[in-house]
Amino acid sequence: MIPTYNFPDHIKGDTFLDKQINFGKDITDAKIAMQFKTTVTSLPTFFWSTTDDSLIIIDPINGIIRMNNKMLDFAAAKYIYDCQITFSNGFVQTFFRGSITIVQDITE
């Protein structure tokens, strides 16, 4: 069973503050992606990824990454996601999944 992590609710238009994640395994030269969608079949609305440096590997040997700050100014909705790692040998593993709810802001 894949572990579930649901992020706390987030206010639309506020900045998501960086978050450190520890996989506890060597992720040297891995590609990591987290895509956030409203449904399993919809296109990603937003994402974090090592390919665009929005997600940084800060300790590859011990498997520690950082999700960088990101403005989440997307439609108020519940978004589902998973975190997938493609290791340097081509092996792909989904480590966890969950959701985040973006709630409508009041002050503009």
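- Other residues, nucleotides and ligands contribute more than 12 heavy atoms inside 6.0 Å of the CZ atom of F16.
- Sparse packing is recorded around CD1 of I106, with 12 or fewer heavy atoms of other residues, nucleotides or ligands lying under 6.0 Å away.
- How far CG of N22 is from CD1 of I27: 8.5 Å, rounded to the nearest 0.5 Å.
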Contacts table for residues 3-13: side-chain donor-acceptor under 3.5 angstrom, sequence neighbours left out:
residue : atom : partner : partner atom : Å
N6      : OD1  : S99     : N            : 2.9
N6      : OD1  : S99     : OG           : 3.1
H10     : NE2  : D14     : O            : 2.9
K12     : NZ   : D73     : OD1          : 2.9

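- With a 4.5 Å cut-off on side-chain heavy atoms, I102 and Y79 count as touching.
- Atom CG of D29 and atom CZ of F87 lie 12.0 Å apart (nearest 0.5 Å).
- Applying the side chain to side chain donor-acceptor pair (under 3.5 Å) test to every pair with at least one member in residues 54-68, sequence neighbours left out, gives these pairs: D52-S54, D59-N62, R66-N68.
- Closest non-hydrogen pair, T15 versus M71, comes out as OG1-CE, 3.9 Å.
- Between the CD1 atom of I85 and the CD1 atom of I65 there is a distance of 6.5 Å, given to the nearest 0.5 Å.
- In this view, S49 and T51 satisfy the side chain to side chain donor-acceptor pair (under 3.5 Å) rule, not counting sequence neighbours.
- A pairwise comparison of heavy atoms in R97 and D82 identifies CB-CB, 3.7 Å as the closest pair.
- Rounding to the nearest 0.5 Å places CD1 of I80 at 11.5 Å from OG1 of T101.
- Note on F91: it clusters hydrophobically with I57, by side-chain heavy-atom contacts below 4.5 Å among ILVMFWY residues.
- Of all heavy-atom pairs between S42 and K37, the closest is O-CD, 3.1 Å.
- In terms of heavy atoms, D26 sits closest to T28 at OD1-OG1, 2.6 Å.
- Under the 4.5 Å side-chain criterion, counting only non-hydrogen atoms from C-beta, F95 is not in contact with I2.
- The same ILVMFWY cluster, assembled from side-chain heavy atoms under 4.5 Å apart, contains both L55 and F96.
- Note on L72: it clusters hydrophobically with I21, by side-chain heavy-atom contacts below 4.5 Å among ILVMFWY residues.
- Distance check, rounded to the nearest 0.5 Å: CD1 of I32 to CH2 of W48 gives 14.5 Å.
- Counting only distance, with no hydrogens or angles, the side chain of N69 and the backbone of D18 share a donor-acceptor pair below 3.5 Å.
- The aromatic rings of F36 and F46 lie parallel to each other, their planes meeting at an angle below 30°, with 60° marking the opposite boundary.
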